[in-house]
Amino acid sequence: MSTQSACRVALGLIYVRNQAQNGFSRAEENQGEGGAGERPPWSWLVAQAAKSSPLGPHVRRCVRAWLMPAFGTEGWEAVQDFVPHLPPTVDEQLRALVTEIDRADRVVELLEQCLDDLSAAQARGGHYFTSRDLVRLMVEAVAPQNGDRVLDPVCGSAGLLAEAERYVRERTGLQPNLMLTGRDLHADTLQIARLNLAARGIRADLGAPTDSLSRPVDDPYDIVMANPPFNLSDWSVDRPLGDDPRWTGTVPPRDNANHAWMLHIAHALGPQGRASVLMADGAATGLRPSEQRIRERLVREDLVECVIALPPGLFPHVRIPCCLWLLNRDKSPHRGWGSADRRKEVLFVNARSAYEITSGSRQRRLAADGADRILRTLAAWRGAPTEQGGATARYEDESGWCTSMSTAAVATAGYVLLPVTHALEPADEHVAARERVEGLKWELYDKFEESYALEQDLRRILDGLDEL
C-alpha cells in the first residue's frame with residue numbers, strides 16, 4: 001500500500017475515532033457489539049481488530065459509512081475513491097493502526113502527523129501542505145479576530161483555517177464565531193481538508209473544486225491567507241482581461257501566476273482586511289514592466305504592510321527562496337491591529353538565518369525563536385502588545401534584521417520589495433562573502449526551477465505542432 005493510501009486510511013480512522021470521542025456516535029454505541037446501525041461504532045471496529053478474521057472489509061465499511069456526512073454533496077463515489085482497497089496482506093498493520101489510534105490520548109496530534117506524512121509523500125507532485133511552523137506564523141501575523149470572515153483561496157488540507165480557529169479560541173476562551181471559506185482546484189485535496197476540519201469539529205465552506213484565479217471573489221474578507229504554488233506557468237486558459245476588477249490597469253503576465261495571486265488576494269480584502277501570502281522571491285524583484293507595475297500599484301495603494309524574507313530550503317520539494325507578504329487595507333491605529341500609524345510605511349524583515357535543522361534529517365524548518373522574533377518585531381512596529389495583555393514594546397530598526405521605510409523611499413528604490421536588499425547586515429568581509437555564496441547558490445536553484453518550467457512550456461508547444 002502506498003504512503004498516500006496508508007495516510008488516507010489513517011485519516012479516515014482518526015476521523016471515526018474523533019467523532020466517537022466527541023459524542024457523535026453515542027446512539028450507535030448503545031446498539032452494542034453488533035454494529036447493526038447505519039454507522040458502525042468505533043468500539044465495534046476495535047472489537048473486530050481483536051479477532052483473527054480479515055479486518056480490511058470492516059475498516060472499509062466503517063470508514064466509508066462515517067465519511068458520507070463529512071463529504072456531503074460529493075456522495076458515495078467520492079467516499080469509495082477515498083478509501084483504498086485493503087488486501088489481507090495489510091491486516092497486521094491495520095490491527096496495529098486501529099489499536100494505536102484507540103489508545104491515543106490526543107487524536108489531533110496523530111491527525112497532524114498523518115497530514116505531515118501525506119504532504120511529504122505528495123510534495124514532488126506539488127500537492128504539499130503548508131508546514132505547521134509556517135502556518136502558525138502566517139496566522140499570528142494577521143491576528144484574526146472573533147467574527148472575522150476568513151478565506152484561503154488555495155486551501156490544501158485547510159491547515160490555515162484550522163489554525164485560525166485555534167488562535168481565536170485560545171485568545172477568547174470561547175467557541176470561535178469565524179466564517180471560514182476554503183477553495184482548492186483538486187477534489188482529492190478538498191476531501192482531505194473536509195476530514196481535517198470535521199475531525200476537529202470545525203465548520204467551513206469548502207465548496208466544489210474551484211480555480212480561484214478564474215474569477216474574483218463575490219464578497220470581501222477580513223482575513224485572507226494563502227500558500228499558492230510558486231511560479232505557476234500557463235495559469236490562465238485565456239489572456240487576462242483588463243476589464244477584470246482585479247487587474248484594473250495592471251494585467252498580470254500569463255506565464256507566471258505570482259502577481260495574479262497577489263492581485264486576486266488584494267481584491268478580496270475588505271476595508272480593514274489583512275492578508276498573509278507566501279510567495280517566491282521573484283515576486284519582490286521581477287524586472288519585467290508588468291511585474292514592476294503591479295508592485296508599484298500595491299505600494300502606491302498602501303497595501304503592503306510587511307515583507308519577510310524566510311530562510312531558504314523550508315520546502316523539501318522546491319529550492320526557490322521565498323518571502324511572506326503581509327497586505328493590509330488599513331494601517332491606521334485600530335482595534336485588533338495596533339496603536340501606531342503606519343500609513344505610507346513598509347516594514348522589511350530579513351529572517352533568512354532564522355532556521356533550525358529537524359532532528360534526524362537535513363530538512364530545514366523555521367526556528368521557534370525565529371518565528372517569535374518576527375512576531376515581536378511586527379507587534380512593536382504596529383504598536384501592539386507582544387503578548388495578550390502585555391506591554392507594548394518600542395520599535396527600532398535593527399541592522400541586518402528589520403527596517404521600516406516610507407513608500408516614497410520604496411519608490412526611489414525602484415519598488416524592489418526584497419527584504420535582504422533593505423535590511424542589510426553590518427559590514428563584515430567574511431560574513432558578507434559567505435552570504436554572497438549562499439545567496440548565489442539559492443539564486444542558481446531559482447534559475448534551475450525557471451529553466452525547468454520553460455523547458456516544459458517549450459515541450460508543450462512542440463507537441464502542439466505535431467498535431468497541426
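None of the values given here were measured: they were computed from a predicted structure.
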Working for salt bridge (charged side-chain N to carboxylate O under 4.0 Å, His left out), residues Asp205 and Arg183
CA-CA 8 Å; Asp205 170 18; Arg183 296 289 181 262; 3.1 Å; yes
Hey, mind stepping through Thr250 and Arg297 against side chain to side chain donor-acceptor pair (under 3.5 Å) and telling me if it holds?
CA-CA 8 Å; Thr250 49; Arg297 171 184 166 183; 2.7 Å; yes
Please evaluate residues Leu269 and Ile223 with respect to the criterion side-chain contact (heavy atoms from CB on, under 4.5 Å), reporting the C-alpha separation (whole Å), side-chain torsions for both, the decisive distance (0.1 Å), and the verdict.
CA-CA 7 Å; Leu269 294 177; Ile223 300 292; over 6 Å; no
Working note: Glu345 + Ser404, criterion side chain to side chain donor-acceptor pair (under 3.5 Å); need CA distance, chi angles, decisive distance, verdict.
CA-CA 7 Å; Glu345 291 185 54; Ser404 182; 3.0 Å; yes
After noting the C-alpha distance and the side-chain angles of Cys322 and Phe230, does the key distance pass the side-chain contact (heavy atoms from CB on, under 4.5 Å) rule?
CA-CA 9 Å; Cys322 66; Phe230 296 164; 3.8 Å; yes
Pair Arg288-Asp255, salt bridge (charged side-chain N to carboxylate O under 4.0 Å, His left out): steps then yes or no:
CA-CA 12 Å; Arg288 290 190 293 182; Asp255 61 349; 2.9 Å; yes
May I have the step-by-step check of side-chain contact (heavy atoms from CB on, under 4.5 Å) for Leu232 and Asn256, ending in yes or no?
CA-CA 5 Å; Leu232 182 66; Asn256 191 313; over 6 Å; no
List the steps, then state whether side-chain contact (heavy atoms from CB on, under 4.5 Å) holds for Leu115 with Asn196.
CA-CA 9 Å; Leu115 290 172; Asn196 185 22; 3.6 Å; yes
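Two residues are said to be in side-chain contact when any heavy atoms from C-beta on lie closer than 4.5 Å; Val251 and Asp244 fail this criterion. For the pair Val154 and Pro229, the minimum side-chain heavy-atom distance is below 4.5 Å. The closest side-chain heavy-atom distance from Tyr221 to Arg149 is below 4.5 Å. The shortest distance between side-chain heavy atoms of Leu278 and Met138 falls below 4.5 Å. Looking at Pro419 and Cys323, their side chains come closer than 4.5 Å, going by heavy atoms from C-beta outward. Put simply, the side chain of Leu137 reaches to within 4.5 Å of the side chain of Leu310, judged on heavy atoms. Side-chain contact between Leu326 and Val307 is absent, with no heavy atoms from C-beta onward closer than 4.5 Å. The side-chain heavy atoms of Pro271 and Arg329, taken from C-beta on, include no pair separated by under 4.5 Å.
Summarising the geometry of Arg274 relative to Ala143, their closest heavy-atom pair is NH2-O, 2.9 Å, with the distance given to 0.1 Å. Closest of all the heavy-atom pairs between Gly383 and Thr392 is C-CG2, 3.6 Å. The minimum heavy-atom distance linking Cys306 with Val349 is given by the pair SG-CG2, 4.1 Å. Of all non-hydrogen atoms in Ala141 and Leu375, the two that sit nearest each other are N-CD2, 3.8 Å. Contact detail for Leu180 and Ile202: the closest heavy-atom pair is CD1-CG2, 3.5 Å. Taking each heavy atom of Ala268 and Leu151 in turn, the nearest pair found is CB-CD2, 4.3 Å.
Judged by distance alone, with hydrogens and angles left aside, the side-chain atoms of Asn350 form no donor-acceptor pair with the main-chain N or O of Trp401 at under 3.5 Å. Trp247 contributes no side-chain N or O that, together with a main-chain N or O of Ala260, makes up a donor-acceptor pair within less than 3.5 Å. Under a 3.5 Å cut-off, the side chain of Thr210 and the backbone N or O of Ala208 do form a donor-acceptor pair. With Trp235 contributing its side chain and Leu213 its backbone, the two residues share no donor-acceptor pair below 3.5 Å. Put simply, the side chain of Asp302 gets close to the backbone of Lys344: a donor and an acceptor are under 3.5 Å apart. For the pair Arg194 (side chain) and Thr189 (backbone), a donor-acceptor distance under 3.5 Å is absent. Checking side-chain atoms of Asp148 against main-chain N and O of Val150 turns up no donor-acceptor pair under 3.5 Å. No side-chain donor-acceptor contact under 3.5 Å links Asp341 to the backbone of Pro333. Looking only at distances, a side-chain donor or acceptor of Lys331 sits under 3.5 Å from a matching main-chain atom of Val304. A donor-acceptor pair under 3.5 Å links the side-chain atoms of Ser212 to the main chain of Pro153, judged by distance alone.
Ion pairing between Glu398 and Arg373 holds under the 4.0 Å rule for side-chain N and carboxylate O. Look at Arg342 and Asp330 and you find no salt bridge, because none of the NZ, NE, NH1 or NH2 atoms lies under 4.0 Å from a carboxylate O. Using a 4.0 Å cut-off between a side-chain N of Lys or Arg and a carboxylate O of Asp or Glu, Glu291 and Arg293 do not qualify as a salt bridge. Using a 4.0 Å cut-off between charged side-chain N and carboxylate O, Glu163 and Arg200 make no salt bridge. Using a cut-off of 4.0 Å between Lys/Arg side-chain N and Asp/Glu carboxylate O, Arg352 and Asp281 are scored as salt-bridged.
Within 6.0 Å of CD in Glu100 there are 12 or fewer heavy atoms belonging to other residues, nucleotides or ligands.
Taking the centre and axis of the six-membered ring of Tyr355, the NZ or CZ atom of Arg364 falls inside the cone set by 45° and 6.0 Å.
For Thr407, there are no side chain to side chain donor-acceptor pair (under 3.5 Å) partners, not counting sequence neighbours. Take His334 and apply the ring pair (Phe, Tyr, Trp, His ring centres under 6.0 Å) test, not counting sequence neighbours, and it matches Trp337.
Under the side-chain hydrogen bond (donor to acceptor under 3.5 Å, both in side chains) test applied with His264, the options Arg246, His259, Arg215 reduce to a single match, Arg246.
No hydrogens or angles considered: a donor-acceptor pair under 3.5 Å links the side chains of Thr403 and Asp397.
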